[in-house]
Structures are given as C-alpha cells and as structure tokens.
Amino acid sequence: MAAQTLHVCARCGFESRRWHGRCPGCGSWNTLVEQRAPTERSGGGSATGRARPLVPRRLADIAADSGARIATGIGELDRVLGGGFVPGSLVLIGGEPGVGKSTLTTMAAAALAAAGERVLYVSGEESAGQVRLRAERLGRAALEVPVVCETDVGAICATIERERPALCVVDSVQVLRDPELASAPGSVAQVRETAARLLEAAKRLRVCVLLVGHVTKDGAIAGPRTLEHLVDCVLAFEGERERGLRVLRAFKNRFGATGEAGLFEMADDGLAEVGDASARLVGSGPPPPGSVVLSALEGSRPLLCEVQALVVPSEAVPPRRVSAGVDRNRLALVLAVLQRFAGLRLGSADVFVSIAGGLRVDEPGGDLAVALAVASAARGVPLGDRERRVVAFGEVGLGGELRPVARAERRHAEAARFGLAPVIAPGGETPTLRAALQRAFSLAAQRGGVAGSVRSAMSEIQGSAPAEQAA
Ligand code: TYD
Ligand code: MG
C-alpha cells in the first residue's frame with residue numbers, strides 16, 4: 001500500500017492532499033511541506049474503529065473543577081498565570097533562545113518541589129549534566145528536581161503516568177518526536193502531534209504540563225500556529241539576551257486574564273523578580289534631545305519607560321524607519337500625523353525610535369511619547385532638564401487629535417511617584433498633538449538655553465495649520 005502523504009503549511013498548519021504553491025490557508029508562498037499522513041488514530045483523536053456513543057450529562061449534575069491552582073511562590077510568574085498553574089492544563093512558554101526559558105521553568109519546578117509538590121523536568125535538548133550545571137546556579141531547591149532526558153513523547157507520557165507529578169516541564173517541544181511519524185523533530189506534524197499527546201496526558205492525569213517552545217526571530221513559535229489553539233495557555237518570554245528586563249506575558253489564558261505581565265532580570269543566580277521596574281527605567285540627569293518618558297501599562301500596572309528617538313539626514317530612498325520596542329506601523333502613523341498636523345517634515349530623514357532597556361510597548365498609549373520624542377530629536381531640543389522631565393501618554397488619532405487611553409489616573413500617579421512632571425496627556429489643554437507639542441516646546445522655551453532652536457520649532461508648529469499642508 002502506498003503511503004499516504006499530506007501537505008501541511010509550515011506557517012499556519014493548513015493541510016491538503018494536494019500540493020499548492022500558495023497556501024490556501026494563509027496565502028503564504030512555498031510553505032506547504034509534504035509529509036506522511038498520521039494514522040487515523042493519532043491524527044483526529046477519535047478511535048473510529050471502536051467508537052461507542054457517549055452518554056451526555058446535565059451540567060448541573062457535574063461537579064465543577066475546584067479551580068485550585070498550584071502557586072509557585074514566584075510572584076511575577078503566578079500573576080501572569082492568573083494565580084498559579086492549573087492542574088490538567090497544558091501551558092506553552094515561548095521565547096527566543098537564551099532569553100531564560102529553561103531557567104524560569106527550572107525555577108518554577110524547584111519552587112514547587114520545595115513546597116512539597118511532585119515535579120518532573122524532561123530535558124530533550126540538554127544532557128542531565130547540563131541541566132544540573134544550571135540548577136547549581138539556582139540553589140539547593142533546584143538540585144532536588146528530578147530530571148529525565150528524553151525526546152520520545154511516548155516514553156515521556158509513560159513517565160508522567162507513573163510519576164504523577166503536579167508539574168511536568170518539557171524542554172522543548174521542538175525536539176520531541178513521535179516515532180510513528182516520518183518527519184523530523186521540529187516539523188509541524190511532529191510538534192503538533194507530540195503536543196497533542198502531552199495534552200491528552202495532562203488532561204487525563206490532571207498534571208500541568210509546561211511546554212517550552214523556541215520562537216524564531218519573526219515571532220512564530222516554530223511555525224505551527226496550530227499549537228496556540230491546542231494549548232490552554234500561551235506565555236511569551238521576551239527581552240534582550242544580554243541585558244535588561246525580561247517580560248513574561250500571557251497571550252492566551254483559558255483560566256485567567258491575558259495582558260498581565262511579569263518582569264524579571266537575569267542575575268548570576270537565576271531570574272530575579274523586578275517589583276519596581278519604573279525606577280530602573282528612567283535615566284537620571286537631564287534628558288538629551290529625543291528622550292521622553294512614557295507612562296505605559298504593562299498588564300494592569302503602570303510602568304515608566306524612556307522613549308528615545310534619533311532623526312538624521314537620510315542617504316536612503318525611501319528613508320529608514322527603524323523601531324525597537326515600538327510597532328513599525330504605529331511609528332509610521334505617528335510620523336504621518338506629525339507631518340500633516342505639526343509641520344514636521346521627515347521625508348528626507350532617517351528616523352530611529354527605541355524603548356530603552358529592551359522593553360516593548362504594545363499599546364496605542366505610547367503614540368504621544370513617540371511623537372514628542374521624534375519632534376524633540378528632529379529639532380534638537382531636549383524636553384526637560386535636571387528638575388523637570390516631560391512624561392507623556394496617549395493615543396494619536398489620524399485627525400491629529402489625542403485620544404484617551406486606559407487607566408489614565410494610574411499613569412499620572414506613577415509619574416507623580418517619581419516626582420516627574422509635567423505629564424502631557426490627552427484632554428484638557430492638550431486635545432491635539434499640535435497642542436501637546438506646543439506645550440512641550442514652550443516648557444523647553446521657559447528654560448532658555450536652547451532658545452533659538454525652541455523658537456524655530458515653536459513657530460513651525462504654530463505655522464503648520466493643516467489647511468496649509470493640504471496643498
Ligand atoms: P536559558 O534559561 O538556558 O535560556 P533558554 O532556555 O531560553 O534558551 O539561559 C539563558 C541565559 O541566561 C544563558 O545565556 C545563561 C544565562 N544565565 C545567567 O545569566 N544566570 C543564571 O543564573 C542562569 C541559570 C543562566
Ligand atoms: Mg533552554
């Protein structure tokens with residue numbers, strides 16, 4: 001019998017019997033990869049051969065899940081999870097290599113082991129000796145974590161069945177393999193199939209399985225988007241490899257809120273929780289041109305961070321727009337509004353914008369700070385001095401208006417906590433981006449010093465009525 005083959009899109013997981021140059025699922029080109037069709041049993045989940053009908057029960061007759069959670073005691077992790085791990089759930093933690101996934105998962109296992117829970121660490125990537133080396137840095141509790149080194153998902157499930165841990169870490173999904181599949185570990189079929197088998201084991205044995213997944217530069221968890229649908233919870237661990245903050249976010253959480261963020265910093269003895277991130281993000285001393293403090297939200301918490309912009313004459317056509325930590329499209333929008341409503345022409349300038357410290361701001365509330373930073377950089381005028389430092393937040397609308405954003409009071413309060421003022425935000429005397437720019441530059445003018453460039457910046461803003469631009 002000829003082996004049946006299936007073509008699966010490496011991007012979105014779309015399946016087809018035929019090959020397509022362009023994936024009918026997501027429209028990507030040349031992403032369909034041929035592979036052996038999984039057997040009926042492992043493919044769809046239903047044992048079609050000996051299926052028997054089930055007896056439905058009224059929800060009222062079913063005992064609700066207790067909702068009990070296993071808290072690790074690592075506060076930043078527990079908060080992102082919504083209080084701790086849920087028994088019987090499959091949690092995916094993704095991140096670029098080196099960000100600290102193995103460290104965080106080992107620390108979680110160690111914390112639970114220290115609290116008397118059964119745990120298991122399955123390492124598919126590293127030898128037991130390597131895992132031990134890491135654990136030595138993390139302290140005594142980490143050395144108590146039982147480890148197996150295995151990539152065969154069948155053997156892993158059997159081990160979970162016998163050991164019955166409360167938490168099982170599997171590091172990582174990319175190296176797992178189901179020997180029944182011909183394709184290589186890390187392929188869409190293998191990743192999906194092995195994750196599905198771990199999910200089944202997690203549910204049946206009421207074990208929380210914490211699955212580690214590497215994320216490629218373009219942000220996909222090794223291609224298979226399908227994994228995100230399968231698991232109960234998707235955590236993303238982000239940050240710069242060498243320094244700075246690491247942010248843990250929940251993108252999907254069947255048992256809690258998404259949008260919460262946990263902040264960590266890599267130290268010599270593992271990841272340290274960062275309780276007060278605002279303090280370390282705001283540089284001291286007078287700000288250079290192009291620097292504005294943004295009162296952002298990380299989850300439900302306000303967080304001060306520094307937006308930096310650099311504007312230089314461009315040699316490139318089209319000029320470069322480079323952003324780190326800020327969405328490129330939002331930067332493009334802010335630049336367009338700056339041109340249209342504030343007369344800031346950047347058509348022959350390269351613009352670089354970055355959030356200091358490797359943070360990423362994912363909310364429209366960052367727009368105004370980006371706009372002020374770019375304007376300040378373009379004019380060479382610093383927005384603040386040793387005593388005063390402009391803080392901003394707010395969304396920039398396409399009509400040049402400023403739009404209110406969530407939790408304004410908390411953002412104001414966070415700036416006040418560090419004695420930073422003035423805060424420029426939507427509403428009041430600054431309903432528009434133009435008004436906000438005028439306010440920021442007039443504060444700079446009061447200081448004197450760079451009076452000449454401030455005056456020219458002010459007059460350009462004032463003279464840039466939208467009607468004049470329309471020509
Ligand atoms: P690791 O957790 O192995 O990252 P990942 O599993 O996401 O690939 O470790 C990330 C980096 O952190 C690694 O380069 C070593 C460093 N590190 C420390 O600086 N301090 C520590 O205590 C540990 C355990 C690792
Ligand atoms: Mg690792």
Side-chain angles (χ1 to χ4, degrees), residues 72-77 80-81 91-114 119-151 153 156 167-177 185-186 190-191 194-195 198 209-223 227 231 233-251 261-274 280 357-360:
T72 61
I74 304 173
E76 298 290 301
L77 172 62
V80 174
L81 288 167
V91 177
L92 176 67
I93 175 168
E96 286 181 18
V99 72
K101 301 178 297 297
S102 302
T103 306
L104 184 63
T105 51
T106 306
M107 288 174 66
L112 289 179
V119 296
L120 175 65
Y121 196 99
V122 180
S123 174
E125 290 190 352
E126 297 169 308
S127 69
Q130 286 172 309
V131 177
R132 180 189 158 116
L133 219 53
R134 177 183 296 105
E136 278 175 4
R137 303 176 71 168
L138 305 178
R140 281 249 300 286
L143 291 170
E144 299 301 318
V145 175
V147 173
V148 294
C149 292
E150 183 54 68
T151 57
V153 71
I156 294 170
L167 174 76
C168 175
V169 176
V170 180
D171 188 2
S172 70
V173 68
Q174 271 91 17
V175 298
L176 295 186
R177 67 198 162 81
Q190 285 283 11
V191 165
T194 51
L198 287 171
V209 175
L210 178 53
L211 194 56
V212 174
H214 294 295
V215 168
T216 53
K217 271 279 174 230
D218 61 9
I221 294 182
L227 213 51
V231 303
C233 189
V234 180
L235 306 181
F237 203 26
E238 301 173 345
E240 283 178 18
R241 198 184 171 126
E242 302 305 334
R243 66 189 185 99
L245 282 181
R246 319 267 159 128
V247 186
L248 184 71
R249 289 193 179 83
F251 280 112
L263 299 172
F264 297 91
E265 197 168 44
M266 188 62 92
D268 281 340
D269 55 352
L271 290 156
E273 297 179 65
V274 177
R280 70 188 54 218
L359 269 188
R360 192 162 59 79

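Worth saying up front: this structure is predicted, and the values here are computed from it rather than measured. Just so you know, these numbers use all the heavy atoms, side chains as well, and skip hydrogens, waters and symmetry mates. Whatever order the structure lists them in is the order used to number ligands and atoms, beginning at 1.
When side chains are defined from C-beta on, V209 does not count as touching V231, because their heavy atoms never get closer than 4.5 Å. Under the 4.5 Å side-chain criterion, counting only non-hydrogen atoms from C-beta, V80 is not in contact with R249.
Looking at V212 against ligand 1, nothing comes within 4.0 Å, counting heavy atoms. Looking at S102 against ligand 1, both its backbone and its side chain come within 4.0 Å, counting heavy atoms. Within the 4.0 Å heavy-atom criterion, the part of D269 lying near ligand 1 is the backbone and not the side chain. Counting heavy atoms closer than 4.0 Å to ligand 1, residue R137 contributes side-chain atoms (C-beta onward) but none from N, CA, C or O.
Residue nearest to atom 7 (O) of ligand 1, selected from E136, K101, H214, M107: K101 (by heavy-atom distance).
No side-chain donor-acceptor contact under 3.5 Å links R246 to the backbone of M266. Looking only at distances, no side-chain donor or acceptor of K101 sits under 3.5 Å from a matching main-chain atom of A236. In this structure a side-chain-to-backbone donor-acceptor pair under 3.5 Å is present from Q174 to H214. With E76 contributing its side chain and L263 its backbone, the two residues share a donor-acceptor pair below 3.5 Å. Panel note: side chain E144, backbone A141; no donor-acceptor pair is recorded below 3.5 Å. E273 contributes a side-chain N or O that, together with a main-chain N or O of G75, makes up a donor-acceptor pair within less than 3.5 Å.
Residue D171 places no N or O, backbone or side chain, under 3.5 Å from any N or O of ligand 1. The shortest N/O to N/O separation between L138 and ligand 1 does not fall below 3.5 Å.
Those atoms of ligand 1 that come under 4.0 Å of a heavy atom in A267, given as number and element, are 18 (C), 19 (O), 20 (N), 21 (C), 22 (O). Contact atoms of ligand 1 toward P97: 8 (O) (distance under 4.0 Å to a heavy atom of the residue). Those atoms of ligand 1 with a heavy atom of R134 less than 4.0 angstrom away are 2 (O), 3 (O), 24 (C).
Not one N/O/S atom of T103, from backbone or side chain, sits under 2.8 Å from the Mg ion (ligand 2).
Between S172 and ligand 1 there is no heavy-atom distance shorter than 4.0 Å. Using a non-hydrogen distance threshold of 4.0 Å, G95 does not register as a contact of ligand 1.
Ion pairing of R132 with E136 is present here, as a side-chain N (NZ or NE/NH1/NH2) and a carboxylate O approach within less than 4.0 Å.
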